[in-house]
There are 2 protein chains.
Amino acid sequence: MMAGRGTSRTRLSRNAVLGAAVALADEQGVGGLSMRTLAEDLGVVPMALYKHVSSKEDLLDGMVDMIVAEIDPPLEGQAWKTTVRSRILSARTVLQRHRWARQVLETRTTRTPAVLAYTDSFIGMFLDRGFSVDLTHHVMHALGSRMWGFTQELFDAPGPAAGPSVAEDARVDTASGSAQPDAAQLAELARRFPNVLRIAMASAHDDGVVGRGCDDQYEFEFALDLLLDGIEGLHARGWTSART
Amino acid sequence: MMAGRGTSRTRLSRNAVLGAAVALADEQGVGGLSMRTLAEDLGVVPMALYKHVSSKEDLLDGMVDMIVAEIDPPLEGQAWKTTVRSRILSARTVLQRHRWARQVLETRTTRTPAVLAYTDSFIGMFLDRGFSVDLTHHVMHALGSRMWGFTQELFDAPGPAAGPSVAEDARVDTASGSAQPDAAQLAELARRFPNVLRIAMASAHDDGVVGRGCDDQYEFEFALDLLLDGIEGLHARGWTSART
DNA sequence: TTGACGGGTGTACAACGTACACCTAGGGTG
DNA sequence: CACCCTAGGTGTACGTTGTACACCCGTCAA
């Protein structure tokens with residue numbers, strides 16, 4: 001008796017759990033997503049989830065991975081501007097579809113492989129079209145808040161994510177300091193995320209291609225001035241959005 | 001016995017509570033801020049806080065108000081660009097000083113009077129320098145993510161915040177729909193936040209000064225294209241940040 | 001047949017936000 | 001002076017959260 005509940009007792013899986021979590025967050029918001037509500041949603045006891053997800057943090061990381069996968073791949077054979085533009089707009093529609101995502105992303109500290117892969121591909125759209133590493137670096141910072149809020153902490157401590165699934169016990173942990181990634185990890189990193197590495201290397205030593213290393217303040221002002229200069233131009237020529 | 005704890009038992013106040021909360025969040029992060037830890041910090045029992053703060057939500061709103069007050073007022077008698085630029089940079093240093101703020105702002109739904117006042121003054125920097133309502137509208141959207149993340153939900157449902165202190169039971173509440181602000185509230189609103197109102201009115205009926213009403217998608221693309229055009233220019237002329 | 005093991009269960013605990021009843025010090029009024 | 005009213009701090013208690021730990025069962029390899 002009490003065998004299942006209507007539907008046949010199909011086994012759970014990490015994907016099933018993540019999928020249900022995303023669906024639940026979509027309709028209830030992130031506030032309505034607890035291990036208990038999610039478990040009930042799956043017709044299972046709360047602790048069952050921990051066989052597929054190591055913690056709620058891990059669950060949220062997995063959910064982010066899922067929606068990152070929804071972002072369209074970059075267009076092929078188009079001008080950089082077209083490609084970047086459509087990619088960003090695709091990311092935006094994904095974030096619109098999952099309105100909890102912005103809030104969740106804001107709290108995430110671990111970069112999972114899926115997120116790194118997206119970032120890497122994103123950087124590639126510039127580098128592959130002949131952008132300099134220097135300019136690409138600044139452009140990524142400028143676009144960050146549009147892509148979504150990954151800002152300064154992108155390039156320091158790239159260690160955490162190397163495994164084929166989710167990093168095991170990886171956590172960035174305030175002031176650990178001793179987490180030096182070993183050579184094997186670095187090599188794996190270089191193979192899978194070459195563009196990230198190029199950018200990271202360039203900003204590591206300030207004698208490199210990038211003028212003054214990675215200065216948050218500078219990055220911020222770079223993006224800001226870009227906006228302001230554009231605005232100034234519109235204002236000067238009496239721009240208006242109306243067809244008039 | 002147990003009268004106070006070293007220091008004389010000074011009475012609490014809303015400001016004292018908020019100040020302690022900000023200080024605690026500054027050093028512990030928002031995760032380390034609970035009603036219990038905050039109470040202990042103040043040498044008081046948790047429930048005592050509720051005499052000065054109606055809920056934790058209210059506490060967070062108050063904390064936001066506190067740091068908004070730290071942002072410098074706009075410069076007088078300067079070009080709009082100088083004024084806006086320095087104001088945004090001031091806001092940025094405040095957010096750097098209180099690193100929990102970004103995360104908290106992302107979850108806030110109620111706009112308190114202090115926040116509205118800041119926004120209003122911000123809009124004024126453009127309007128007072130001769131910017132059109134139309135352009136100012138779009139510019140505010142474009143700068144939003146830089147100022148901080150108030151985005152589309154700025155202009156719909158302006159009701160909540162009218163009282164001299166914090167709005168009493170105001171909450172935006174999903175799909176309430178029946179919360180029509182009465183005339184008195186509107187008048188008060190118009191008196192204290194005239195610029196907000198002008199922008200809001202303009203986007204309310206699409207025959208107004210703003211071309212197509214307030215279309216989120218359009219706003220997003222507006223800001224995006226501003227950035228992209230600027231980037232394109234830099235790329236074309238081989239821009240680099242190095243002194244070389 | 002057996003034994004290991006992947007995966008669902010049950011109980012339990014600490015920490016959270018906060019409702020509710022209570023007590024108490026201090027000050028305005030008779 | 002006696003009064004009591006009230007602003008503000010206290011104590012207890014409840015429901016909800018994440019999750020540790022022990023358990024148990026169904027499936028498959030040997």
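We name chains A, B, ... by the order of the sequence lines, and we start the count at 1 in each one.
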- Query: Rounded to whole angstrom units, what separation is found between the CZ atom of B:Arg11 and the C1' atom of C:dA25?
  - Reply: 8 Å

- Task: Round to a whole Å and report the spacing from CG of A:Leu33 to C1' of D:dG18.
- Result: 12 Å

- Task: Identify the heavy atoms of A:Ala20 and A:Leu42 that sit nearest to each other, and give their distance.
- Result: CB-CD2, 3.7 Å

- Where each residue is assigned the nucleotide of DNA chain C containing its nearest heavy atom, which of B:Arg36 and A:Ser13 is assigned the position nearer the 5′ end? A:Ser13

- Item | Rounded distance (Å) that lies between atom P of D:dT17 and atom CD of A:Glu40 | 10 Å

- Query: Which pair of non-hydrogen atoms, one from A:Val64 and one from A:Arg108, has the smallest distance, and what is that distance?
  - Reply: CG2-CD, 4.0 Å

- Can you check the A:Met35 CE to D:dT17 C1' distance for me, whole Å? 11 Å

- Within residues 45-53 of chain B, those residues having any heavy atom closer than 4.0 Å to DNA chain C are B:Met47, B:Tyr50

- Check whether any side-chain heavy atom of A:Arg87 lies under 4.5 Å from a side-chain heavy atom of A:Ser121, and answer yes or no. yes

- Task: Using whole Å, report how far CG of B:Leu59 lies from P of C:dC16.
- Result: 14 Å

- Message: Filter on ring-ring contact (aromatic ring centres under 6.0 Å, His included), then keep only pairs touching residues 15-56 of chain B, sequence neighbours left out; what's left?
- Response: none

- Once you round it to whole Å, what is the distance between C1' of D:dA7 and CZ of B:Arg14? 16 Å

- Note on the structure: For B:Ala25 and B:Met63 the tightest heavy-atom approach is CB-CE, 3.8 Å

- Task: To the nearest Å, give me how far apart CG (B:Leu60) and P (C:dT18) are.
- Result: 10 Å

- Task: With sequence neighbours excluded, tell me which residues meet side-chain contact (heavy atoms from CB on, under 4.5 Å) with A:Arg99.
- Result: none

